[in-house]
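Encoded as structure tokens, the structure appears first; notes follow it.
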Amino acid sequence: QSALTQPRSVSGSPGQSVTISCTGINSDLGDHTYVSWYQQHPGKAPKVMIYDVSERPSGVPDRFSGSKSGNTASLTISGLQAEDEADYYCCSYAGSYTPWMFGGGTKLTVL
Amino acid sequence: QVQLVESGGGVVQPGRSLRLSCTASGFTFASYGMHWVRQAPGKGLEWVAALWFDGSHKKYADSVKGRFSISRDNSKSTLYLQMNSLRAEDTAVYYCARVTSWGQGTLVTVSS
């Protein structure tokens, strides 16, 4: 199975909102909730921002939200801040042989 | 707090072996499935292998199947990745992870 599809880049000005999509989630697996989003700054390890489609770990600002419809998941960042500039990866359950599958990553630029 | 600390990376020649370790703390390691994920230089994240909480099921990416082996020692809260027949394309930072926590990674460089 191919990797999940994300836009290569998105951008927004401080205070604006951006949405990053992640398509190709296997709908044949049912309406599962195993979708996570990771933020990665250069040279750093990925950090979970959203898990189980829309759950936010403690410490993650509520500016970050997640959703899923059909075979597409989305990460929305509202009230953009300079520190949000990073790479973002979606990750989904892709079947019993591939518990995790990642998207290709999206570079977020804060203008 | 939850901590995952990888070790064992380094420079290795093609065809040789290496074993990575990941020591966990701050949570009940034996209750969680664990994963290895890698990131080649300048590339995206690639899932490598997964191991159920009790060691009952192991899954591998096609790119490493037959060469890599994932295991765990719940008494030591440690996850392992045995990497055999290493290739240049295995060069990457290797992370151990559960859904909500990742280690800092360990760099594996396969080069002659």
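Residue numbers start from 1 in every chain, and the chains themselves are labelled A, B, ... in the order their sequence lines are given, proteins ahead of strands.
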- So, do B:E46 and A:W100 sit near enough that their side-chain heavy atoms are less than 4.5 Å apart? no
- Return the minimal non-hydrogen interatomic distance between B:Y95 and A:Q40, and the atom names on each side. OH-NE2, 3.5 Å
- Message: Counting only non-hydrogen atoms closer than 4.5 Å, does B:V93 touch chain A with its backbone (N, CA, C, O), its side chain (CB onward), both, or neither?
- Response: neither
- Query: Hey, any chance B:F29 and B:L81 share a hydrophobic cluster, counting ILVMFWY side chains that come within less than 4.5 Å of each other, even indirectly?
  - Reply: yes
- Note on the structure: In terms of heavy-atom contacts, B:R98 and A:Y38 come closest through O-OH, 4.5 Å
- Query: Can you name the closest pair of heavy atoms from B:T100 and A:V48 and give their distance?
  - Reply: O-CG1, 3.5 Å
- Message: Surrounding CZ of A:F64 (heavy atoms of other residues, nucleotides or ligands, distance under 6.0 Å), is the total greater than 12?
- Response: yes
- Message: Applying a strict under-4.5 Å side-chain criterion to I, L, V, M, F, W and Y, I'd like to know whether A:V60 and A:L75 cluster together.
- Response: yes
- Do other residues, nucleotides or ligands put more than 12 heavy atoms under 6.0 Å from B:F53 CZ? no
- Task: Under 4.5 Å, counting heavy-atom pairs only, tell me which of A:G104, A:G105, A:A45 racks up the most with chain B.
- Result: A:A45
- Task: Hey, can you tell me if B:W102 and A:F102 have their rings parallel, tilted or perpendicular (30° and 60° cut-offs)?
- Result: perpendicular
- Determine, using the 4.5 Å side-chain heavy-atom cutoff (strictly less than), whether B:Y94 and B:M34 are members of one ILVMFWY cluster. yes
- Query: Taking a hydrophobic cluster as the set of Ile, Leu, Val, Met, Phe, Trp and Tyr residues connected by side-chain heavy atoms closer than 4.5 Å, whether directly or through intermediates, do B:Y60 and B:Y80 fall within one such cluster?
  - Reply: no
- Query: If you count heavy-atom pairs under 4.5 Å between each of B:Q104, B:H57, B:Q39, B:K43 and chain A, which one has the most?
  - Reply: B:Q39
- Message: Check this for me: B:K65, atom NZ, are more than 12 non-hydrogen atoms of other residues, nucleotides or ligands nearer than 6.0 Å?
- Response: yes
- Pick one of side chain, backbone, both or neither for A:K44, based on which atoms fall under 4.5 Å of a heavy atom in chain B. backbone
